[in-house]
Amino acid sequence: MMVEGKTIIVTGGASGIGKSAAMLFARDGAHVIIAGRSAEAGERLANELTAAGGSAVFCRTDVSSEPQVASLIEFTVRRFGRIDGAFNNAGAVQKMKLFDELTSEEFDESLGTNLRGVFLCMKYEIAAMRKTGGGAIVNTASVGSCVAVPRASEYHAAKHGVSGLTRAAAAEARYTKVRVNAVLPGFIITPMVEQLVETAEFKAVLAQNAVQERHSIGRFGRPEDVARAARWLLSDDSDFINGVMLPVDGGYLAR
């Protein structure tokens, strides 16, 4: 039970990778705070986990909003007394536009969730963790932090930024007592990705870039693959791991 007794925030926690993580952490005995924009989905998941004997609550949060992130941290500390870990997983998919077709508004919107949201969460999480002796943070970056595909420039910019923020915060661990790492998912089958796959532009990217073949393990990823990696990085079993960009990609970056 790697995270038993720990209080852990999961952003984007009502669906996809975040939902799998919230379920896994709650099953392992953690106090889970599910943060997300969909109150219906978040409350439903929290109720399901509680009914199954877990400890879970929902807090409606748009991570691009500083007041809402601050409220999330205040809510968590008030409810559980401390924050031991956080899985900053909330994100938005690429716009599927070529570089010169992308508007500045679309670029800003993507960075608002995918990068600014991670910064805001880390800022308030670290401040809270420092008061109680430290903790651990895992950010969701992407294989797109390292390599690129067409029609995703704003997404790649944000995910490269997440890797940079992760390393920068990890470099301050001796002062904050907070370990900070990131998971780099490959192609993970989530509801958000399933919708994206239906577009002609994304199908073309998959085919032209041999995306499936590059996952040398022989399949695309599942949300629980990433959740298990995040659980380990949040646990005491990884207490000497800091500043790591951990690919969870079925071998995508190895080829």
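Along the sequence shown, the residues carry numbers beginning at 1.
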For the residue pair [X] and [Y], establish whether any side-chain heavy-atom pair is separated by less than 4.5 Å.
X: Leu24; Y: Arg228; value: yes
X: Arg116; Y: Leu111; value: no
X: Leu233; Y: Val183; value: yes
X: Thr190; Y: Ile17; value: yes
X: Phe80; Y: Val57; value: yes
X: Ile33; Y: Ile8; value: no
X: Phe87; Y: Thr140; value: yes

### Message
side-chain contact (heavy atoms from CB on, under 4.5 Å) for Ser153 and Gln94? Distances and angles first, verdict last.
### Response
CA-CA 8 Å; Ser153 54; Gln94 55 264 45; over 6 Å; no

### Task
List the steps, then state whether side-chain contact (heavy atoms from CB on, under 4.5 Å) holds for Val77 with Ile83.
CA-CA 7 Å; Val77 173; Ile83 301 171; 4.1 Å; yes

Check this for me: [X], atom [atom1], are more than 12 non-hydrogen atoms of other residues, nucleotides or ligands nearer than 6.0 Å?
X: Arg37; atom1: CZ; result: no
X: Met23; atom1: CE; result: no
X: Lys19; atom1: NZ; result: no

#### Entry: Tyr155: ring pair (Phe, Tyr, Trp, His ring centres under 6.0 Å) partners, not counting sequence neighbours
none

### Task
Could I get the full list of ring pair (Phe, Tyr, Trp, His ring centres under 6.0 Å) partners for His215, not counting sequence neighbours?
Phe220, Tyr252

## Note on the structure
Checking Glu101, Glu109, Glu154, Glu201 against Lys95 for side chain to side chain donor-acceptor pair (under 3.5 Å), the one that qualifies is Glu109

#### Entry: Pair Glu40 + Arg44: basic N to acidic O under 4.0 Å
yes

### Message
So that I can tick it off, tell me whether Lys97 and Glu106 are bridged by a salt bridge, with the cut-off set at under 4.0 angstrom between side-chain N and carboxylate O.
### Response
yes

### Summary
For Thr166, the side-chain hydrogen bond (donor to acceptor under 3.5 Å, both in side chains) test, sequence neighbours excluded, returns Asn139

### For Thr176, all residues meeting side-chain hydrogen bond (donor to acceptor under 3.5 Å, both in side chains), sequence neighbours excluded
none

#### Entry: All side chain to side chain contact (heavy atoms under 4.5 Å, CB included) counterparts of Ser64, not counting sequence neighbours
Asp62

### Query
Who passes salt bridge (charged side-chain N to carboxylate O under 4.0 Å, His left out) against Arg130, sequence neighbours left out?
none

### Query
Is there a path of hydrophobic side-chain contacts, each under 4.5 Å between heavy atoms of I, L, V, M, F, W or Y residues, that connects Met245 with Val138?
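Result: no, two separate clusters.
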
### Query
Do you reckon Phe187 sits in the same ILVMFWY cluster as Val162, going by side-chain contacts under 4.5 Å, direct or chained?
no

#### Entry: Approximate separation, where rounding is to 0.5 Å, of Leu102 CG and Glu105 CD
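Leu102 atom CG to Glu105 atom CD measures 9.5 Å (nearest 0.5 Å).
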
### Passing candidate, salt bridge (Lys or Arg N to Asp or Glu O under 4.0 Å) with Lys6, options Asp236, Asp84, Asp28
Asp236

